[in-house]
Amino acid sequence: MSGITRRRLLGTAAGATAGGALFGAGLVARGADDDAGTPSASVVPFHGEHQAGIATPAQDRLVFAAFDVTADSADALRELLRGWTDAAERMTVGAPAGGDNSEQLAPPDDTGEAVGLLPSNLTVTFGLGPALFSADRGFGLAGKRPPLLSKLPPLPGDELEAERSGGDLCVQACAGDPQVAFHAVRNLARLGRGSVVMRWCQLGFGRTSTTSRTQSTPRNLMGFKDGTNNIRAEDTALMTEHVWVGPSDSPAWMRGGTYLVARRIRMLIEVWDRSALQDQEQTIGRVKQSGAPLGGHAEFDPVKLARLPVDAHIRLAAPSRNGGEHILRRGYSFTDGMDPELGQLDAGLFFVCFQRDPHRQFVAIQRRLGSNDALNEYIKHTGSALFAVPPGVQPGGYVAQGLFA
């Protein structure tokens with residue numbers, strides 16, 4: 001597959017569509033030994049029980065965008081989601097967002113910057129924000145709002161900026177190639193013009209979590225291995241218990257879905273870089289070079305909490321200190337240039353996690369961390385959002401279809 005270009009994939013996808021299926025000859029689902037962080041011809045299936053981009057092995061690049069809906073009817077919202085689904089389905093197999101790109105007197109249906117590029121394991125994941133279900137929005141969805149989809153409460157350490165928080169809808173595009181991910185969000189924003197406006201957008205590089213046992217543990221911008229004890233997609237029992245909305249949970253249209261929390265966490269890198277190695281390791285609770293927990297020898301040695309400082313990050317975040325709760329982390333490093341007021345880098349962690357109950361899981365864990373974590377000296381939370389992520393799309397359907405049933 002190494003010699004397959006995006007142009008050849010476009011032709012393959014077009015032929016498959018004509019035959020009633022998007023996954024035709026020449027398109028392969030990614031294997032366990034594929035590197036999700038490398039541009040490649042591999043394709044992550046768009047359809048399934050769950051949306052792709054959650055349990056999918058984490059790719060290396062992210063474009064995450066939140067939108068406010070300007071449409072004023074449920075029909076318009078439904079058509080937006082139907083159009084977005086169709087475009088995402090096409091782009092994840094390497095096809096353009098739309099079919100007509102040759103009419104000289106009209107704008108093309110695709111912006112074109114991904115022509116010639118490989119699909120690179122592109123996934124596009126959609127979520128719905130709490131405000132979308134407000135009774136005054138005119139969509140008639142107030143009675144269908146999931147009880148767990150309520151605005152996150154104020155949390156210790158919050159320094160949130162409104163322009164980097166919230167949103168009615170979100171799109172998470174992940175790929176091994178940053179231009180492929182950018183192309184996906186750009187074209188969905190273009191297709192949504194007149195129905196949505198982008199509220200905020202975050203680019204991420206360098207995954208900071210491991211979501212599959214096929215992947216090694218990455219490092220964050222503080223130089224520490226991140227996500228050593230994260231849930232893995234292969235941990236099916238933990239995924240069922242802690243990530244996926246269950247078959248008896250309400251509302252029914254969310255079953256098989258999950259809840260996404262996004263937090264923009266700025267790292268005070270210049271302060272961190274002046275800290276002694278011992279202070280850094282005691283703050284995190286791990287040895288910087290090996291990733292081993294303090295008192296251990298290797299990364300995956302059992303964490304003996306009693307050996308760690310009482311305010312060490314991994315001690316406070318441990319499931320045993322949080323009622324046994326786990327979350328599926330899927331974050332990315334980011335840098336947005338320089339803070340002109342301070343003359344320091346505006347960089348850090350774009351934290352993304354998925355869970356079955358965001359209030360019982362993320363909120364409870366963050367309250368403990370925000371109140372006692374030694375890491376708070378070096379970070380601040382500048383953006384926050386919560387979204388309900390509906391279940392996967394079936395062939396011929398569209399995202400959140402059950403919401404409009």
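Side-chain atoms are counted along with the backbone in the values below, which use heavy atoms only and exclude waters and symmetry mates.
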Between [Y] and [X], is there a side-chain heavy-atom distance shorter than 4.5 Å?
| X | Y | value |
| --- | --- | --- |
| Glu159 | His381 | no |
| Arg367 | Leu155 | yes |
| Leu328 | Thr258 | no |
| Leu386 | Leu260 | no |
| Leu294 | Glu281 | yes |
| Phe67 | Val171 | yes |
| Thr85 | Gln401 | no |
| Val363 | Pro153 | yes |

Would you call [X]-[Y] a salt bridge at under 4.0 Å N-O?
| X | Y | value |
| --- | --- | --- |
| Asp109 | Arg190 | no |
| Asp235 | Arg213 | yes |
| Glu325 | Arg360 | yes |
| Asp226 | Arg329 | yes |
| Glu299 | Lys225 | yes |
| Arg137 | Asp72 | no |
| Arg164 | Asp346 | yes |

Would you compute the distance between atom [atom1] of [X] and atom [atom2] of [Y] and round it to the nearest 0.5 angstrom?
| X | Y | atom1 | atom2 | answer |
| --- | --- | --- | --- | --- |
| Ile265 | Leu349 | CD1 | CG | 5.0 Å |
| Leu122 | Cys174 | CG | SG | 8.5 Å |
| Asp68 | Leu132 | CG | CG | 10.0 Å |
| Thr236 | Glu241 | OG1 | CD | 11.5 Å |
| Ser333 | Asp60 | OG | CG | 9.5 Å |
| Arg315 | Leu369 | CZ | CG | 13.0 Å |

Which pair of non-hydrogen atoms, one from [X] and one from [Y], has the smallest distance, and what is that distance?
| X | Y | value |
| --- | --- | --- |
| Asp168 | Ala131 | OD1-CB, 3.5 Å |
| Ala52 | Thr125 | O-OG1, 2.5 Å |
| Val389 | Ile54 | CG1-CD1, 3.9 Å |
| Ala173 | Val185 | CB-CG2, 3.7 Å |
| Leu128 | Leu149 | O-CD2, 3.7 Å |
| Ala385 | Gly166 | CB-N, 3.8 Å |

Query raised in the report: Hey, is CD on Glu163 packed in by over 12 heavy atoms from elsewhere, all under 6.0 Å?
Result: yes

Query raised in the report: Would you say Gln289 has more than 12 foreign heavy atoms packed within less than 6.0 Å of its CD?
Result: no

Report task. Test side-chain contact (heavy atoms from CB on, under 4.5 Å) on Ser216 and Thr210 and set out the steps. Result -> CA-CA 7 Å; Ser216 60; Thr210 299; over 6 Å; no

Is there a donor in the side chain of [X] and an acceptor in the side chain of [Y], or the other way round, less than 3.5 Å apart?
| X | Y | value |
| --- | --- | --- |
| Ser150 | His359 | yes |
| Ser209 | Thr211 | no |
| Asp373 | His313 | yes |
| Gln59 | Thr123 | yes |

Query raised in the report: Trp272 and side-chain contact (heavy atoms from CB on, under 4.5 Å): which partner among Thr283, Leu221, Asp279?
Result: Thr283

Tell me whether the rings of [X] and [Y] are parallel (<30°), tilted (30 to 60°) or perpendicular (>60°).
| X | Y | value |
| --- | --- | --- |
| His326 | His242 | tilted |
| Trp253 | Phe133 | parallel |
| Phe64 | Phe387 | tilted |

Query raised in the report: Taking it one step at a time, do Leu81 and Leu403 satisfy side-chain contact (heavy atoms from CB on, under 4.5 Å)?
Result: CA-CA 11 Å; Leu81 294 173; Leu403 175 62; 5.7 Å; no

Between [X] (side chain only) and [Y] (backbone N and O only), is there a donor and an acceptor less than 3.5 Å apart?
| X | Y | answer |
| --- | --- | --- |
| Tyr378 | Glu270 | no |
| Gln172 | Gly53 | yes |
| Asp249 | Gly246 | yes |
| Asn187 | His183 | yes |
| Arg356 | Ile327 | no |
| Ser212 | Ala233 | no |
| Ser275 | Asp273 | no |
| Ser195 | Leu80 | no |
| Gln51 | Val393 | no |
| Asp110 | Ala97 | yes |

Query raised in the report: How about Tyr259 and Phe354: are their ring centroids closer than 6.0 Å?
Result: no

Query - Aromatic ring proximity Trp84/Tyr398, centre distance under 6.0 Å - result: no

Query - Residue from Glu161, Gln366, Arg263 passing side-chain hydrogen bond (donor to acceptor under 3.5 Å, both in side chains) with Ser384 - result: Arg263

Query raised in the report: With a distance cut-off below 6.0 Å to the six-membered ring centre and an angular limit of 45° from the axis, does Arg207 pair with Tyr332 as a cation-pi contact?
Result: no

Query raised in the report: Is there a side-chain contact (heavy atoms from CB on, under 4.5 Å) between Val303 and Arg286 once you walk through the steps?
Result: CA-CA 9 Å; Val303 179; Arg286 290 190 179 276; 3.9 Å; yes

Report task. Kindly indicate, with the supporting measurements, whether the criterion salt bridge (Lys or Arg N to Asp or Glu O under 4.0 Å) is fulfilled by Asp339 and Arg266. Result -> CA-CA 11 Å; Asp339 182 336; Arg266 180 173 174 183; 2.9 Å; yes

Query raised in the report: Would Met222 and Gln280 count as a side-chain contact (heavy atoms from CB on, under 4.5 Å) if you check the C-alpha gap in whole Å, the side-chain angles of each, and the deciding distance to 0.1 Å?
Result: CA-CA 9 Å; Met222 289 180 163; Gln280 292 184 4; over 6 Å; no

